[in-house]
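Values below: every heavy atom of this structure, side chains too, minus hydrogens, waters and symmetry copies. Keep in mind that this is a model prediction, so the values were computed, not measured.
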2 protein chains.
Amino acid sequence: MGILSGFLGSTPDECKVFIRPVRDVIDIVGGKWTLPVLTALSFKSHRFKELQVQIEGVTSRMLSKALKDLELNGLVEKEVSLENTTIVKYKLTSYGESLDELLVLMRTWGVNHRERIMTI
Amino acid sequence: MGILSGFLGSTPDECKVFIRPVRDVIDIVGGKWTLPVLTALSFKSHRFKELQVQIEGVTSRMLSKALKDLELNGLVEKEVSLENTTIVKYKLTSYGESLDELLVLMRTWGVNHRERIMTI
DNA sequence: CGGCATCCCTAATGATACTG
DNA sequence: CAGTATCATTAGGGATGCCG
């Protein structure tokens, strides 16, 4: 048994199977603009332009890509106004909210790690 | 308050502060070979060559880099034999084991996500 | 054996301009 | 406003060879 007892199975071969879904998560939330978008949307729904203003440094190209990826993964949904189709709103889905627990744990570990690294 | 209630603070400005440690985690475990190395070492300590054999496709350059990064972050430690300095062993530190809970949660979310994506 | 140095390639990101 | 298209740049990673 591996030392990462929860993570590891009983054989090295199984490791690959365990790694894959973890990679998936990294691929989903690891993009440069993914977390800024998610946190902005968790605060409240936003229009494209609003997001671009709020997320410092993002270009329309990258914002568009990030939103599209998040939408494909079901974490964010797009809502086009029926009266005025130039008004588009992005919102976090309830599924997107399910990332919360994970992000909190990542953050906790990260905060602790920063302290640790600084003091060494 | 944001919808990611645990993750978000009360203002958008605070988001950046919350994001940074999460990014740290992604930067640490998000490298292409990081997880393979960690899981291999969680199984048991390994010599450089052993790791290279066990981790399919990794070059000595990339393995070296991954190990160095993990060592810098205190997750892995290197042990050079006193009698024979050509014998080097890498092992997971107890701090490295602290990643377990996080990796398990990531994996759980990732497994669920795969199922979800496939069935849609 | 345990790496490092060098060169090369691709994917990711950025800058800028443009459009329905 | 909400993007797309095109071009330029950069970072991550791979191939190969060499060294103590």
Side-chain angles (χ1 to χ4, degrees), chain A residues 16 19-20 22-38 40-41 44-73 75-92, chain B residues 16 19-20 22-38 40-41 44-73 75-92:
Chain A
K16 295 169 191 164
I19 288 172
R20 198 182 54 183
V22 180
R23 273 242 71 87
D24 288 346
V25 173
I26 293 171
D27 291 343
I28 289 169
V29 302
K32 182 165 182 181
W33 302 106
T34 316
L35 288 173
V37 168
L38 284 176
L41 291 182
K44 75 182 195 66
S45 296
H46 281 289
R47 298 179 60 175
F48 188 90
K49 181 69 175 181
E50 290 171 347
L51 283 172
Q52 206 178 343
V53 169
Q54 193 163 108
I55 301 172
E56 197 178 347
V58 74
T59 61
S60 61
R61 182 174 119 78
M62 293 317 292
L63 179 56
S64 174
K65 185 183 180 307
L67 287 167
K68 200 168 291 180
D69 289 348
L70 289 169
E71 210 189 333
L72 273 174
N73 281 300
L75 303 172
V76 162
E77 66 187 356
K78 179 178 176 172
E79 192 178 78
V80 182
S81 166
L82 293 176
E83 305 98 54
N84 183 346
T85 53
T86 67
I87 299 181
V88 179
K89 230 174 188 179
Y90 289 94
K91 55 174 61 175
L92 201 63
Chain B
K16 293 169 194 166
I19 289 171
R20 198 183 52 182
V22 181
R23 273 242 70 86
D24 288 346
V25 174
I26 293 170
D27 291 342
I28 290 170
V29 302
K32 182 165 180 182
W33 302 106
T34 315
L35 289 173
V37 168
L38 285 176
L41 291 182
K44 75 182 195 68
S45 296
H46 281 290
R47 297 178 63 174
F48 188 89
K49 182 67 174 182
E50 290 171 348
L51 282 172
Q52 207 178 344
V53 169
Q54 194 162 107
I55 301 171
E56 198 178 347
V58 73
T59 62
S60 63
R61 181 174 120 81
M62 295 316 292
L63 179 56
S64 173
K65 186 181 179 306
L67 286 167
K68 198 168 293 178
D69 290 348
L70 289 170
E71 209 189 333
L72 274 174
N73 280 301
L75 303 172
V76 162
E77 66 187 356
K78 179 178 174 170
E79 193 179 76
V80 182
S81 166
L82 294 176
E83 305 98 54
N84 184 345
T85 53
T86 66
I87 299 182
V88 179
K89 228 172 191 181
Y90 289 94
K91 55 175 60 175
L92 202 64

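Residues forming a side chain to side chain donor-acceptor pair (under 3.5 Å) with B/K91 (at least two apart in sequence, or on another chain): B/E79. Looking at residues two or more places apart in sequence or on another chain, you find no side chain to side chain donor-acceptor pair (under 3.5 Å) involving B/K32. A search for side chain to side chain donor-acceptor pair (under 3.5 Å) contacts involving B/E71 returns nothing, not counting sequence neighbours. Residues satisfying the salt bridge (charged side-chain N to carboxylate O under 4.0 Å, His left out) criterion with B/E83, sequence neighbours excluded, are absent altogether. Residues passing the side chain to side chain contact (heavy atoms under 4.5 Å, CB included) test with B/R47, sequence neighbours excluded: B/E50, B/I87, B/K89. For B/T85, there are no side chain to side chain donor-acceptor pair (under 3.5 Å) partners at least two apart in sequence or on another chain.
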Less than 3.5 Å apart, which donor and acceptor atoms pair up between the side chains of residues 58-66 of chain B and the rest of the protein, not counting sequence neighbours?
residue	atom	partner	partner atom	Å
B/T59	OG1	B/M62	N	3.3
B/K65	NZ	B/D69	OD2	3.0

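Inter-residue side-chain proximity for B/P36 and A/I19 is flagged as met; some heavy-atom pair is nearer than 4.5 Å. Counting heavy atoms from C-beta outward, A/I26 and A/R23 have side chains that approach closer than 4.5 Å. B/H46 is not listed as a side-chain neighbour of B/Y90, based on a closest heavy-atom distance of 4.5 Å or more. Using a 4.5 Å cut-off on side-chain heavy atoms (C-beta onward), B/L67 and B/W33 make no contact.
The CD-P distance, from B/E71 to C/dG2, rounds to 14 Å in whole Å. Separating the CD1 atom of B/I87 from the P atom of C/dC1 is a distance of 11 Å, rounded to the nearest angstrom. Atoms CE (B/M62) and C1' (C/dT10) sit 13 Å apart, rounded to a whole Å. In this structure, A/L63 places its CG atom 13 Å from P of C/dT13, rounding to the nearest Å.
Nearest-nucleotide positions on DNA chain C place B/T86 closer to the 5' end than the other of A/V58 and B/T86.
Protein chain B touches strand DNA chain D; the 5'-most and 3'-most nucleotides with an atom under 4.0 angstrom of its non-hydrogen atoms are D/dG13 to D/dA15.
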query = Reading nucleotides 3-8 of chain C 5' to 3', which nucleotides get B (base under 4.0 Å from a protein heavy atom), which S (sugar-phosphate only), which -?
reply = BBBB--

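Axis angle, first five pairs versus last five pairs of the helix from C/dC1-D/dG20 to C/dG20-D/dC1: 40°, rounded to 10°.
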